[in-house]
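A short worksheet on the structure shown next.
Keep in mind that this is a model prediction, so the values were computed, not measured. Sequence lines set the chain letters: A, B, ... in the order given, protein chains first and strands last, and positions in each chain run from 1.
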Number of protein chains: 2
Amino acid sequence: MNKENLSAVLRQHGICPTQQRLAVYAYLQSHRTHPTVDTVYQALVKEQPSLSRTTVYNTMRALTDAGLIRVVTIDPDEQHFDAGIEDHGHFRCSRCGTVYDFPLSADTVRPLLPNGFSVTTWDIYTNGVCPHCQ
Amino acid sequence: MNKENLSAVLRQHGICPTQQRLAVYAYLQSHRTHPTVDTVYQALVKEQPSLSRTTVYNTMRALTDAGLIRVVTIDPDEQHFDAGIEDHGHFRCSRCGTVYDFPLSADTVRPLLPNGFSVTTWDIYTNGVCPHCQ
DNA sequence: TTACTGTTTTGTAATGATTACAAATTCAGT
DNA sequence: ACTGAATTTGTAATCATTACAAAACAGTAA
């Protein structure tokens, strides 16, 4: 997706597409590696030396509230962020810490969800050792 | 489960059943409310004024490593702990913050898990509004 | 252009959970 | 009681995240 499209998406969700927000959102779109705030900050500050960590935090909050990205809380130490909002699960390797996606359809998950609660989001987090570390 | 049984369980898992560890484990067994370290500490320090928060942290680590309790990372701010190690999912109310259990059998979850990864633990976290807050 | 207004960004300081660490305590075995 | 290992305790450090206020920016009207 190019800058114009990203801009339009942000605007459609009531977020003013500033330089910084576009940069963060574009980074997440093109790096589907579940980066942390600090990873994104370190990458973008090279181009925008004036960028502030706070701006990255604020942007993550705005994008999350708008439903454009998700927070992945699989790591007890840091929040990870994911621009992939289609249905999928997450796997975290306990050796190398890498977070992987795996496919998962909402139709197979929905029957498992609890009755009587209005579920707005669900996440499936799995831990173990990835093929690369075995 | 009484003190003697709890003691035996700890010993079977290679954990020396000290006063403090027993107190923490007994608290988790009898309070299935997914308490945080601080909640447990505040409750137990009334009986054991010398109790240290560090001891509670250390005990949580030991019990987790032994597989006697699980960490619930559904709350981005704090870790919650759960003595229920039978299969179940978690629901967190975004209004009141309460974490609920809901039943879930391993047999229904297993087919959803990714191939090629050796999954050692899985968690299903759901968010929304609980019946009490609606 | 200039002044005005609301929004966004920035940098620093505060917060708060968690960990590191070393001294004090407990405890088993001699 | 004495020794040595394990455990607990309290304090200090770490580090992700948030709060906050000043500076920068964008748009609009005169």
Side-chain angles (χ1 to χ4, degrees), chain A residues 6-7 10-11 13-27 34-66 68-82 92 97 99, chain B residues 6-7 10-11 13-27 34-66 68-82 92 97 99:
Chain A
L6 292 179
S7 253
L10 292 187
R11 221 186 298 274
H13 286 80
I15 298 173
C16 183
T18 64
Q19 192 90 109
Q20 291 87 337
R21 288 169 178 167
L22 274 174
V24 169
Y25 190 39
Y27 185 92
H34 316 91
T36 63
V37 163
D38 206 59
T39 304
V40 175
Y41 171 74
Q42 295 296 346
L44 297 182
V45 79
K46 292 175 189 163
E47 304 298 322
Q48 296 249 325
S50 77
L51 182 67
S52 162
R53 233 175 280 262
T54 300
T55 299
V56 181
Y57 275 105
N58 289 341
T59 302
M60 293 304 190
R61 162 77 57 101
L63 294 175
T64 304
D65 289 349
L68 289 172
I69 65 173
R70 326 158 139 234
V71 187
V72 179
T73 62
I74 200 173
D75 176 353
D77 296 330
E78 261 174 310
Q79 311 265 134
H80 294 249
F81 295 88
D82 190 354
R92 178 163 185 266
V99 177
Chain B
L6 292 179
S7 255
L10 291 187
R11 220 185 300 273
H13 286 80
I15 299 173
C16 182
T18 64
Q19 193 88 109
Q20 291 85 339
R21 287 169 179 167
L22 274 174
V24 169
Y25 191 38
Y27 185 92
H34 317 91
T36 63
V37 163
D38 206 60
T39 303
V40 175
Y41 170 75
Q42 295 295 347
L44 297 182
V45 78
K46 292 176 188 161
E47 305 296 325
Q48 297 248 325
S50 78
L51 182 67
S52 162
R53 233 176 281 262
T54 300
T55 299
V56 181
Y57 275 105
N58 289 342
T59 302
M60 294 304 192
R61 162 78 56 101
L63 294 174
T64 304
D65 290 349
L68 290 171
I69 65 173
R70 326 157 140 235
V71 187
V72 179
T73 62
I74 200 173
D75 176 354
D77 295 330
E78 260 174 309
Q79 311 265 132
H80 294 249
F81 295 88
D82 191 352
R92 178 163 186 266
V99 178

Applying side chain to side chain contact (heavy atoms under 4.5 Å, CB included) to A:V40 and A:F81, what does each step give before you reach the verdict?
CA-CA 10 Å; A:V40 175; A:F81 295 88; over 6 Å; no

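Residues A:V99 and A:H34 approach most closely at O-ND1, 3.0 Å, considering heavy atoms. When all heavy atoms of A:Y27 and A:A43 are compared, the pair lying nearest together is CE1-CB, 3.5 Å.
One distance of note links OG of B:S7 with CD1 of B:I15; it measures 11.5 Å at 0.5 Å rounding. In this structure, CG on B:L10 lies 8.5 Å from CZ on B:R21, to the nearest 0.5 angstrom.
Non-hydrogen atoms lying under 4.0 Å from DNA chain D are contributed by A:D77, A:E78, A:Q79, all within residues 70-81 of chain A.
Applying the salt bridge (charged side-chain N to carboxylate O under 4.0 Å, His left out) rule to pairs touching residues 42-60 of chain A yields A:D38-A:R53, sequence neighbours excluded.
With B:H80 as the partner, the side chain to side chain donor-acceptor pair (under 3.5 Å) test is satisfied by one option alone out of B:T39, B:T36, B:D75: B:D75.
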Are there any protein N/O atoms within less than 3.5 Å of an N/O atom in nucleotides 27-30 of chain C, and if so, which ones and at what distance?
none

Write out a two-atom table: protein N or O, nucleotide N or O from nucleotides 4-6 of chain C, distance below 3.5 Å.
none

Give me the distances for all protein-to-nucleotides 7-9 of chain C N/O pairs that come in under 3.5 Å?
from  : atom 1 : to    : atom 2 : distance (Å)
C:dT8 : OP1    : A:R21 : NH1    : 3.2
C:dT9 : OP1    : A:T18 : OG1    : 2.4
C:dT9 : OP1    : A:Q20 : OE1    : 3.2
C:dT9 : O3'    : A:Q20 : NE2    : 3.0

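Between the side chain of B:R11 and the backbone N or O of B:P17, no donor-acceptor pair lies under 3.5 Å.
Note that the first and last nucleotides of DNA chain D, 5' to 3', having any atom under 4.0 angstrom from a heavy atom of chain B are D:dT7 to D:dT11.
Partners of B:P76 according to the side-chain contact (heavy atoms from CB on, under 4.5 Å) rule, which considers only residues two or more places apart in sequence or in another chain, are A:Q79, B:R92. B:R70 pairs by the salt bridge (charged side-chain N to carboxylate O under 4.0 Å, His left out) definition with B:D123, not counting sequence neighbours.
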Show me the donor-acceptor pairs within less than 3.5 Å that the side chains of residues 54-66 of chain A make with the rest of the protein, sequence neighbours left out.
from  : atom 1 : to    : atom 2 : distance (Å)
A:N58 : ND2    : A:T54 : O      : 3.4
A:T59 : OG1    : A:T55 : O      : 2.8
A:T64 : OG1    : A:M60 : O      : 2.6

